[in-house]
Amino acid sequence: MSKPVKVALLGCGVVGSQVARLLQEQADDLAARVGAPLELAGVAVRKMSRKRDVELDPALLTTDAHALVTRPDVDVVVEVIGGIEPARGLILAAMAEGKSIVSANKALLAEDGATLHAANKADLYFEAAVAGAIPLIRPLRESLAGDRVHRVLGIVNGTTNYILDKMDSTGASFTDALEEAQSLGYAEADPTADIEGFDAAAKAAILAGIAFHSRVTAADVHREGITEVSASDVASAKAMGYVIKLLAICARSDDGRTIGVRVHPAMIPRTHPLAGVREAYNAVFVEAESAGRLMFYGAGAGGAPTASAVLGDIVAVARNRIAGTRGPSESVYASLSVHPMGETVTRYHVSLDVADKPGVLATVAEMFSRHDVSIQTVRQEGRGDDAQLVLVTHRASDAALSSTVEGLRELDIVRAVASVMRVEGDEAP
Ligand SMILES: NC(=O)c1ccc[n+]([C@@H]2O[C@H](COP(=O)([O-])OP(=O)(O)OC[C@H]3O[C@@H](n4cnc5c(N)ncnc54)[C@H](OP(=O)(O)O)[C@@H]3O)[C@@H](O)[C@H]2O)c1
């Protein structure tokens, strides 16, 4: 056995308390796996008096996080505070002292990963930052290091998946499904980060950067949340054999020169593997040149599941320290730029409220054709003087579709563009 590897824990909330519990409960197994005991050196919190979901020696607790991360005996700093500051300052201070870092902080990595990677002298591991317990960063960074990834398509936010799944299975409105998610603890009192897609966008930026060996930040991600998804969108999708999911999509352009990174609700065929991801589960579908299609599925959040990923990283960086080595560092050699959303090519589901009279379909079809958007299917339902036209297009650019929709809005016979939603997943329903 080597001498103990000392771990400083920053944060003891949902995730941190479970990391502290597992470090203590599984101490013998972890020591055997690492080749040295993992010793909790201290736990930094904001409020000493708060009740914790773990039994801790009170002497370990401190509110002076900076002093803890710069202590000479600390080897590994685990940051599970969240947010940008003080997390960034603390990580940088620890890096300056040569500590290995484990973080679950998607917001920080997506906003300013470059600064952290540049300052890093040892290891910076962050498996828990994307999709909680699901191994994803290491498979992309290491297992697929010899392959060429074409696309990463994922459900990376459990709250929105829970809400959309409820809307799909019960016909509930968005508001009712959100209220249920909040009452069950799947959504926070302020659900903005989840339902507006900020959380998924941060994860998409991290995944895209790793998958395509390029630097991608949250600001590069096109983001739309699920607040506009209506019960009638869900019903319409269902009638056509689709389900609506909030997807994070990172893909190479057709010519391979740029990448698209986006988060938005989309219809996927019920036959697609991601369609079966229910409740608050996460799943990520990776398409690589040689490996083909891979799917990673599991719990994307929660104290113990996320702590599992954090512990895996702690073991990895501790092993590296003992071996006098370090894991892979940031790989951004490809330097692919992120193209504007207008250049994204996909299919669309467009629902229109129109006047029910002869020639309407021809006028609508002409507007699509004027903008080079070709129609795959059309469904019409009469409702007295009004009718609903539901069109699904072939692949077209987002810019062409936007121009089409603008044109449709100006037509007298179109009473309203009821909804426009992208269609993903290549299997036709
Ligand atoms: N929760 C999940 O399921 C999940 C899943 C994946 C990733 N993550 C990520 O994990 C990180 C932590 O999330 P969480 O849910 O565990 O958050 P949390 O429950 O709010 O816990 C945050 C902890 O940080 C402490 N803290 C806050 N400001 C501090 C400061 N200035 N100095 C020292 N300690 C401070 C808090 O102390 P007090 O307890 O004294 O207030 C608390 O213990 C975030 O980056 C999050 O995105 C969470």
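What you are looking at is a predicted structure, and each value in this text was computed from that prediction instead of being measured. Residue numbers count from 1 along this sequence. Numbering of ligands and ligand atoms starts at 1, following listing order.
- Classification of the His213-Tyr333 ring pair by plane angle, with boundaries at 30° and 60°, yields tilted.
- Aromatic ring centres of His272 and Phe285: separated by under 6.0 Å.
- Among Lys47, Lys203, Arg50, the residue whose heavy atom lies nearest to atom 41 (O) of ligand 1 is Arg50.
- Within the 4.0 angstrom cut-off, atom 21 (O) of ligand 1 has one or more protein heavy-atom neighbours.
- Listed by number with element, the atoms of ligand 1 under 4.0 Å from a non-hydrogen atom of Pro86 are 31 (N).
- Contact annotation: for Arg46 versus ligand 1, heavy atoms closer than 4.0 Å belong to both the backbone and the side chain.
- Ion pairing of Glu330 with Arg215 is present here, as a side-chain N (NZ or NE/NH1/NH2) and a carboxylate O approach within less than 4.0 Å.
- The distance from ligand 1 to the heavy atoms of Gly302 drops below 4.0 Å at these ligand atoms: 2 (C), 3 (O).
- When only interatomic distances are considered, the shortest N/O to N/O separation between Glu79 and ligand 1 does not fall below 3.5 Å.
- Atom numbering of ligand 1 starts at 1 in the shown order; those under 4.0 Å from a heavy atom of Arg52 are 38 (P), 39 (O), 40 (O), 43 (O).
- Remark: ligand 1 and Ala65 share no N or O pair separated by less than 3.5 Å (distance only, no angle test).
- No donor-acceptor contact under 3.5 angstrom links the side chains of Asp165 and Tyr281, judged on distance only.
- Contact annotation: for Met48 versus ligand 1, there are no heavy atoms closer than 4.0 Å.
- In summary, the atoms of ligand 1 found under 4.0 Å from a heavy atom of Thr306, numbered by their order in the structure, are 3 (O), 4 (C), 5 (C), 6 (C), 7 (C).
- Atom CD in Glu289 sits 12.0 Å away from atom CG in Leu144 (nearest 0.5 Å).
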